[in-house]
Student: 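Right, I'll just put the structure down here and ask away after.
Letters go in sequence order (proteins before strands), and every chain restarts at 1.
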2 protein chains.
Amino acid sequence: MSPYHHGDLRRAVLAAAVTAITENGPTAISLRDLARRVGVSHAGPVHHFKDKAGLLTALAAEGFDLLADALVETRDSGGNFVEIGVSYVRFAIEHRAHFEVMFRPDLYHSDDESVATAQQRAREVLVSGAGQVPGDRDPEVAKLAAWSLVHGFATLWNTGSLSDPGDDPESTARAVAGMLFSK
Amino acid sequence: MSPYHHGDLRRAVLAAAVTAITENGPTAISLRDLARRVGVSHAGPVHHFKDKAGLLTALAAEGFDLLADALVETRDSGGNFVEIGVSYVRFAIEHRAHFEVMFRPDLYHSDDESVATAQQRAREVLVSGAGQVPGDRDPEVAKLAAWSLVHGFATLWNTGSLSDPGDDPESTARAVAGMLFSK
DNA sequence: CGGTGCATCTTGTCGGTGACAAGTTTCGTT
DNA sequence: AACGAAACTTGTCACCGACAAGATGCACCG
């Protein structure tokens, strides 16, 4: 019936991890539960990820890559500085599982090469929008402010910390981000 | 020698938890390790906190109270809107353990009464600065933007996500927060 | 001043988990 | 066809959270 070799266990486990994290948060997952979901023995995933932190390392790297892709897409389709920020928020909400892992470096091997390069790429895309900073401000500071703002909004949204969230995070994010560059 | 009754086990465990979380992050702690640190049996802490989430609930409640205190102090000593934000960042860094727990509602009983009221108080203090919002903007949006900005900066700082952090988070936070209300 | 009730803490236990070691099956290569 | 490596399984160990039951000491009431 089911082959001894799964075929693409690595991908299957990662997908199961995304589902499980979306359901219960990144700390609640267990390798053994993921193995069960995928239909493999309890030590199956270990072979591909070394340990639990290794699995989350792979997820974080994948996340930074997806984020960089999303930001590039927004930038290259003519999105201005604010829209890149909105894209950041959209990613955080749509890929909540990835996002939550990415910014919990205590959960994974943050010095791993794959995650470091992916993270660097995402950072560079974010930086690339700095040339579009309106006004006569210090672009370094403005960039950091914008990143902080969208990151904070996304985090507050995802943690359910907002008292009156509304139902459209994107437009709220757009309004909030616009605050940085108006009057 | 050591008395059967610890005296103030609850406080001792909370303090040990703060130390442990500061060292290894909030997910790495174990009730049994805290019990060991404090010098009681492995089930000692259970009596005071019911379960692990109960311990983190107490920590979160304590954290929201400390945050509200800090913000009130800044506000009442004449701090303007920006300085309240800087105070928020300062709290997040000085009380990193508390802060990290507070915004991980999946780790504790977020509907607990004690934590809910403390959280509400902190929120109200934050709102109270809204009257000072400069310019002619929508104060609701401006408030949310400010909160997002300082929260995001604090989170990025604490997670080590900034590529070139510098050595003075407070002044950086001040510069970044000022970005919202200049030109 | 003596006893009793109760909060506090201990001991013991259970299922679940991560990590590791060793074995088994399949694949790829020659 | 055979052999070595890769993929997965089985087994085990220490640790953890939760729970149950027992031991201890404090406070209060008589």
Side-chain angles (χ1 to χ4, degrees), chain A residues 1-21 23-60 97 101 104-110 112 114, chain B residues 1-21 23-60 97 101 104-110 112 114:
Chain A
M1 209 58 176
S2 57
Y4 198 92
H5 278 37
H6 180 282
D8 203 351
L9 182 56
R10 182 186 167 89
R11 222 160 244 303
V13 171
L14 282 174
V18 169
T19 303
I21 291 174
E23 288 171 356
N24 304 320
T27 60
I29 71 167
S30 85
L31 288 179
R32 288 170 110 102
D33 177 57
L34 297 181
R36 254 175 263 129
R37 291 182 188 233
V38 170
V40 155
S41 80
H42 69 256
V46 174
H47 184 73
H48 294 277
F49 301 106
K50 171 73 179 171
D51 57 12
K52 190 177 182 179
L55 163 64
L56 295 177
T57 302
L59 256 187
V101 173
R104 260 180 192 73
D106 54 316
L107 294 182
Y108 61 90
H109 305 303
S110 54
D112 183 278
S114 66
Chain B
M1 210 61 172
S2 56
Y4 198 92
H5 278 37
H6 181 282
D8 205 350
L9 182 57
R10 183 186 167 90
R11 226 163 239 304
V13 171
L14 282 174
V18 169
T19 303
I21 292 174
E23 288 171 357
N24 304 320
T27 60
I29 71 167
S30 84
L31 287 179
R32 287 170 111 102
D33 178 57
L34 298 181
R36 253 176 266 128
R37 289 180 188 234
V38 170
V40 294
S41 78
H42 69 257
V46 175
H47 183 74
H48 293 277
F49 301 105
K50 169 77 178 170
D51 56 12
K52 189 178 183 177
L55 163 64
L56 295 177
T57 303
L59 255 188
V101 173
R104 260 181 193 71
D106 53 315
L107 295 183
Y108 61 90
H109 305 304
S110 52
D112 182 278
S114 66

Student: Give me, pair by pair, the N or O atoms of the protein and of nucleotides 13-17 of chain C that are less than 3.5 Å apart, along with how far apart they are.
Tutor:
{"residue": "dT17(C)", "atom": "OP2", "partner": "Arg36(A)", "partner atom": "NH2", "Å": "2.6"}

Student: Rounding to a whole Å, what distance do you find between Arg11(A):CZ and dC8(D):P?
Tutor: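 Answer to the nearest Å: 14 Å.
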Student: Return the value, rounded to whole Å, for the distance between atom CG of Leu56(A) and atom P of dA19(C).
Tutor: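 The answer, rounded to whole Å, is 10 Å.
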Student: May I have all residue pairs that pass salt bridge (charged side-chain N to carboxylate O under 4.0 Å, His left out) and include part of residues 31-42 of chain A, sequence neighbours excluded?
Tutor: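 Listed once each, the pairs are Glu23(A)-Arg37(A), Asp33(A)-Arg36(A), Asp33(A)-Arg37(A).
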Student: By the 4.0 Å heavy-atom rule, please label Val46(A) as base, sugar-phosphate, or nothing.
Tutor: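 The residue Val46(A) makes no contact with any strand.
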Student: Ala43(A) has a side chain; which of dT10(D), dT10(C), dC9(C) sits nearest to it?
Tutor: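 Between dT10(D), dT10(C), dC9(C), the one nearest the side chain of Ala43(A) would be dT10(D).
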Student: Enter the distance from Leu55(B):CG to Leu31(B):CG here, rounded to the nearest 0.5 Å.
Tutor: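 If we round to the nearest 0.5 Å, Leu55(B):CG and Leu31(B):CG are 6.0 Å apart.
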Student: Please tabulate, for side-chain N and O atoms in residues 13-21 of chain B, each donor-acceptor pair with protein atoms closer than 3.5 Å (sequence neighbours left out).
Tutor:
{"residue": "Thr19(B)", "atom": "OG1", "partner": "Ala15(B)", "partner atom": "O", "Å": "3.2"}

Student: Respond yes when some side-chain nitrogen or oxygen of His47(B) is under 4.0 Å from OP1 or OP2 of dT8(C), and no when none is.
Tutor: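 Affirmative; the distance criterion is met.
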Student: Please name all residues satisfying side chain to side chain contact (heavy atoms under 4.5 Å, CB included) with His109(B), sequence neighbours left out, ordered by chain then number.
Tutor: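 For His109(B) the side chain to side chain contact (heavy atoms under 4.5 Å, CB included) partners, ignoring immediate neighbours, are Asp51(B), Ala53(B), Thr57(B), Asp111(B), Asp112(B).
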Student: Using whole Å, report how far CG of Leu34(A) lies from P of dA19(C).
Tutor: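 Taking atom P of dA19(C) as the reference, CG of Leu34(A) is at 13 Å.
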Student: Rounded to whole Å, how long is the line connecting atom CG of Asp8(B) with atom P of dA7(C)?
Tutor: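 These atoms are roughly 17 Å apart.
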Student: Which nucleotide wins on minimum distance to the side chain of His48(A), given the candidates dA7(D), dT8(C), dC20(C)?
Tutor: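 In terms of side-chain proximity for His48(A), the closest of dA7(D), dT8(C), dC20(C) is dA7(D).
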Student: Please identify each residue that fulfils side chain to side chain contact (heavy atoms under 4.5 Å, CB included) with Ser41(B), with sequence neighbours left out.
Tutor: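 Partners of Ser41(B) by the side chain to side chain contact (heavy atoms under 4.5 Å, CB included) criterion come out as none, since no residue qualifies.
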Student: Applying side chain to side chain contact (heavy atoms under 4.5 Å, CB included), name anything that partners Ala43(A), two or more places apart in sequence or on another chain.
Tutor: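 Scan of Ala43(A) (side chain to side chain contact (heavy atoms under 4.5 Å, CB included), adjacent residues dropped) gives none.
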Student: Could you tell me the separation between the CZ atom of Phe49(A) and the P atom of dA7(D), rounded to a whole number of Å?
Tutor: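 It is 12 Å, rounded to the nearest whole Å.
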